[in-house]
Peer 1: 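I have a structure I would like to understand better, so I am pasting it below and will then ask my questions one at a time.
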There are 2 protein chains.
Amino acid sequence: MLSTRQLLILQVIIDEFIQTAQPIGSRAISKKDEITFSPATIRNEMADLEDLGFLEKTHSSSGRIPSEKGYRYYVDHLLMPIDLSPRDEQTISGVFNQGMVEFEQVIQNSVNVLSELTNYTSIILGPEVYATTLKQIQIIHLSKTTAVAILVTNTGHVEHRSFSIPKEINPLDLEKLVNILNERLVGVPIIQLPKRLQIELTSIIDHYVKDVATAFKYLKGALLDQQPNNLYVGGITNMLLQPEFSDVAKIHSLYSVIEQEETMANILRSQDQGIHISIGQENKMTEMQDCSLITATYTLKGQQIGTIALLGPKRMEYSRVISLLDRLSNDMTKTFKNW
Amino acid sequence: MLSTRQLLILQVIIDEFIQTAQPIGSRAISKKDEITFSPATIRNEMADLEDLGFLEKTHSSSGRIPSEKGYRYYVDHLLMPIDLSPRDEQTISGVFNQGMVEFEQVIQNSVNVLSELTNYTSIILGPEVYATTLKQIQIIHLSKTTAVAILVTNTGHVEHRSFSIPKEINPLDLEKLVNILNERLVGVPIIQLPKRLQIELTSIIDHYVKDVATAFKYLKGALLDQQPNNLYVGGITNMLLQPEFSDVAKIHSLYSVIEQEETMANILRSQDQGIHISIGQENKMTEMQDCSLITATYTLKGQQIGTIALLGPKRMEYSRVISLLDRLSNDMTKTFKNW
DNA sequence: ATTAGCACTCGAAAGAGTTGAGTGCTAACA
DNA sequence: TGTTAGCACTCAACTCTTTCGAGTGCTAAT
C-alpha cells in the first residue's frame with residue numbers, strides 16, 4: 001500500500017520528531033544521508049502521506065508531524081528491535097545482579113531504573129494477589145489491648161494491620177485461633193482469603209471451637225480490610241521535562257490520573273500478556289490521550305502476575321523503550337523463578 | 001514603631017494579597033470598610049511601609065505586595081488565632097473519630113486531610129526511631145533458602161526484609177538465634193539496634209552459642225540495612241494550582257527537593273517543638289525560597305517523635321493553617337497517648 | 001494632618017511590520 | 001512519466017509601536 005519511498009520518509013519523520021519534538025520540513029529530510037531525492041519530491045510524498053492520514057501539519061505552512069495513525073503504523077510495521085546500548089545493558093544488569101531476595105525491592109529498583117534510563121514515568125503493578133499465597137499469619141501483642149496481625153505471602157510480601165483487642169477476648173483464644181487459621185489457610189491464594197475466612201471457617205470455628213468465635217470475629221475484621229496497594233510509580237517529575245507538558249494544566253490533569261491508584265491499577269491489570277502499546281486516543285482515560293503507554297507483563301509459573309509500564313509523550317522512543325521493557329520483564333520473571 | 005494606621009494597612013494588604021495574589025493599590029484599600037481615609041493618605045503610608053521594608057512593588061507604578069519582612073511581621077504581630085471553621089472542624093473530627101489503631105494509618109490520614117483542606121502540600125515525618133522500641137523479631141521461612149525477617153515496634157510499625165539463607169546455616173540455629181535476640185533486644189530503641197547488634201551481641205553469641213554465630217552473621221545483614229522511610233507526602237499536585245508556580249521550571253526544582261526524602265526528613269527533624277514558620281529565604285534549601293514551610297510537632301510521652309508540615313507559597317493562609325496544624329498535632333498526640 | 005488634583009510610570013494587550021521556514025503548484029527536464 | 005527547480009504564498013514567531021489604565025509620587029489647597 002505504501003511505497004518504499006513513502007515508508008522511508010515516514011520513518012525519517014517519526015525518528016526525527018521523536019528526537020526534536022519539532023515539525024519536520026522537506027528540506028531537513030532531504031539532508032539526511034539515506035535520502036537521495038529532492039525536497040520537491042519529498043513534499044509530494046508528504047502530501048500523499050498526509051492524505052492517507054499518517055502525517056499532520058501544525059498549521060498550513062508548517063512541516064509535518066506524525067499523526068496517531070502514523071505512530072501506530074510505525075510501531076506496527078517500521079519498528080525494528082534494537083539491542084540495548086551497553087550503558088542500558090550495564091545499568092540493568094547491575095540492578096539484577098545484586099541478588100535481591102525481596103519482591104518489593106525488585107519492583108522498586110525496577111521502577112527506579114526504568115524512569116532513570118528513559119526519562120519517562122514508570123509504573124509497575126505489583127504481583128497480583130491471585131498468584132500469591134498465604135505463607136503465615138502471626139499475631140504480635142503490642143499492649144494489653146492492641147496487637148498487630150502480620151500476613152506473610154510466599155513472595156515475601158508482608159502486610160500488617162494493627163487492631164485493638166476487646167476485653168472479652170482471651171489472649172489464649174487468640175493464639176489458638178491463629179494456629180487454626182495457619183493450619184487451614186497456609187497456601188491459599190490471597191485473593192481467596194476473604195471468601196475462605198468468611199464462609200468456610202466461620203462455620204467450622206463455630207462448631208469446633210466455640211470459645212475462639214469471638215476472637216475470630218475481631219481478627220477477621222483486621223484481616224479483611226487489607227487493600228494491598230501494589231502500584232509503584234517512579235519518575236513522575238520526568239513529565240515536566242517533556243516539551244509537550246510545558247502547560248501546567250496538562251500536567252495537573254495527568255498527575256491527577258496517576259494519583260488515582262485504583263484507576264491506574266485497573267488499566268495495568270487489564271493488559272494482555274506480552275508487550276502492548278497504547279497511543280494517544282487509544283488510551284481510555286481522556287487525561288492520558290496526549291500520551292503513549294507501553295506495558296509489559298511479568299510472570300510466575302507461567303501465570304501473569306504483574307505489569308510494568310512506561311508513560312510518556314506520544315513521541316516516545318518506542319524501539320528503545322520496548323527493548324528495555326522486554327529485558328526488564330524477562331529479568332523480573334527470571335528473578336522470581338529462581339526463588 | 002509602626003502606627004496603628006500603618007498596621008491596619010499592612011494587615012489589609014497582606015490579607016488581600018493572600019486571597020488574590022495580585023498587587024494591591026491604594027484605591028482598592030480605601031474601598032475596604034475598615035479604612036476611613038483617602039487613597040492619598042494610604043499612598044503616603046504605603047511609601048513609608050515600603051521604606052521600612054514591609055512592602056514591595058513589582059514595578060515602579062504597581063500596587064504593593066508584602067515583602068518577606070512583611071510576612072514575618074504579620075505572622076509575629078498581626079496574626080490572631082482563629083477558630084477552625086465548622087467544616088474544617090468536622091472533617092478532622094471525622095478522621096480522628098474513626099478509631100484508628102495503626103500508626104501509619106493515622107499519619108496517612110492526617111497527610112491526606114491536611115492537603116485536602118488546605119490545597120497545599122503536606123509532609124509528615126513519622127515517629128522517630130529513637131522514640132520507638134523493638135517489640136519482637138520474627139523469622140518466617142518462605143522456602144528452603146529464603147526467609148523474611150520481621151521487625152515489629154511498640155508503635156505497631158512493621159519492617160520486613162527478605163534474605164536468603166546460605167546452605168551452611170541450620171534452620172534450628174536460626175530459630176535459636178531469634179529467640180536469643182528477642183530475649184535480649186525487646187524494648188531496645190530502634191535507633192540503638194545496629195549498635196547493640198554489632199557490639200554487645202556479637203561477643204556474647206561468640207561465647208555462649210558458637211553454633212549460631214554464622215547464622216547471626218547473615219541475619220545481622222538483613223536487620224541492619226533497614227532504613228525506615230518515614231516521610232509521608234500528600235497533595236504534591238496542589239502546588240500546580242498556585243499561580244506562583246505556573247512556571248514548569250519552578251515546579252520541577254521544587255519537586256526535586258521534595259523527592260529527596262533524606263533532605264526533607266532532616267529539615268523536619270531539625271524543627272523545634274511547637275509551631276514554627278519559615279518564610280521564603282528563611283528556608284535553607286534554595287529551591288524552597290519561594291515557599292513558606294509551617295511545621296508542628298507531635299509527641300509521645302512528652303517526647304517529640306515526629307513533625308507535620310505544610311508547604312505552600314509565601315502568601316499562605318497563615319492563621320487558618322496554623323489552627324489546622326495545631327489541631328492536628330494535638331489530635332495525633334492525643335491518639336497516640338490513648339494507645 | 002489630610003486630601004484633591006495632576007503629571008508621570010510602566011505592564012499588559014492589541015496591532016503592524018518583518019523574517020524565515022515551510023508549503024503547493026507549475027513548468028521544465030531526463 | 002517520474003523528478004526537480006523555481007516561485008508565489010502562508011503563517012507562526014518575533015519585534016516594534018501604540019494605546020490603555022491602574023497605579024504611583026508630588027504639590028498645593030483644605
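In what follows, chains are A, B, ... by sequence order, proteins preceding strands, each numbered from 1.
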Peer 1: Are A:Arg64 and C:dG22 close enough that a side-chain N or O sits under 4.0 Å from OP1 or OP2?
Peer 2: no

Peer 1: Take atom CD of B:Glu45 and atom C1' of D:dT24, then tell me their distance rounded to the nearest Å.
Peer 2: 16 Å

Peer 1: Less than 4.0 Å between a side-chain N and a carboxylate O, is that true for B:Arg327 and B:Asp88?
Peer 2: no

Peer 1: So, A:Ser246 side chain and A:Gln242 main chain: donor-acceptor pair closer than 3.5 Å or not?
Peer 2: no

Peer 1: Sub-3.5 Å donor-acceptor pair from the side chain of A:Glu16 to the main-chain atoms of A:Ile13, do we have one?
Peer 2: no

Peer 1: Quick one: B:Arg27 CZ to D:dG21 P, roughly how many Å, whole number?
Peer 2: 13 Å

Peer 1: Could you please name the option among C:dT23, D:dG25, D:dT4 that lies closest to any side-chain atom of A:Asn44?
Peer 2: D:dT4

Peer 1: Nearest whole angstrom, please: distance from the C1' of D:dT24 to the CD of B:Glu56.
Peer 2: 16 Å

Peer 1: Between B:Lys250 and B:Glu287, does any NZ, NE, NH1 or NH2 come within less than 4.0 Å of an OD or OE carboxylate oxygen?
Peer 2: no

Peer 1: Atom CZ of residue position A:Arg27 - does it have more than 12 heavy atoms of other residues, nucleotides or ligands inside 6.0 Å?
Peer 2: no

Peer 1: In whole angstrom, give the distance that lies between atom CD1 of A:Ile65 and atom C1' of C:dT23.
Peer 2: 15 Å

Peer 1: Under 4.0 Å from OP1 or OP2 of C:dG24: is there any side-chain N or O of A:Lys57 that close?
Peer 2: yes

Peer 1: Compare the minimum distances between each of D:dG25, C:dT2, C:dG24 and the side chain of B:Thr41, then state the nucleotide with the smallest one.
Peer 2: C:dT2

Peer 1: Heavy-atom contacts under 4.0 Å between residues 1-24 of chain A and DNA chain C, which residues?
Peer 2: none

Peer 1: Does CG belonging to B:Asp83 count more than 12 external heavy atoms closer than 6.0 Å?
Peer 2: no

Peer 1: Could you go through nucleotides 9-13 of chain C and list every protein N or O atom that sits under 3.5 Å from one of its N or O atoms, giving the distance for each pair?
Peer 2:
residue : atom : partner : partner atom : Å
C:dT9   : O3'  : B:Ser60 : OG           : 2.9
C:dT9   : O2   : B:Ser61 : OG           : 2.5
C:dC10  : OP1  : B:Ser60 : OG           : 3.2
C:dC10  : O5'  : B:Ser60 : OG           : 3.4
C:dC10  : O4'  : B:Ser61 : OG           : 3.4

Peer 1: Is the closest basic N to carboxylate O distance between A:Lys314 and A:Glu68 below 4.0 Å?
Peer 2: yes

Peer 1: To the nearest 0.5 Å, how far apart are CG in B:Leu52 and CE in B:Met1?
Peer 2: 5.5 Å

Peer 1: A:Ser38 has a side chain; which of D:dT4, C:dT23, D:dG25 sits nearest to it?
Peer 2: D:dT4

Peer 1: Calculate the interatomic distance between B:Leu55 atom CG and D:dG25 atom P; express it in whole Å.
Peer 2: 11 Å

Peer 1: Answer yes or no: side-chain N or O of B:Arg43 and base N or O of C:dG5 forming a donor-acceptor pair under 3.5 Å.
Peer 2: yes

Peer 1: Between P on D:dC26 and CD on B:Glu50, what's the gap in Å once rounded to a whole number?
Peer 2: 11 Å

Peer 1: May I ask you to say whether B:Glu45 pairs ionically with B:Arg5, meaning some side-chain N is under 4.0 Å from a carboxylate O?
Peer 2: yes

Peer 1: Can you tell me how far C1' of C:dA21 sits from CD1 of A:Ile42, to the nearest Å?
Peer 2: 15 Å

Peer 1: Is A:Ser62 close enough to C:dT23 that one of its side-chain N or O atoms is under 4.0 Å from OP1 or OP2 there?
Peer 2: no

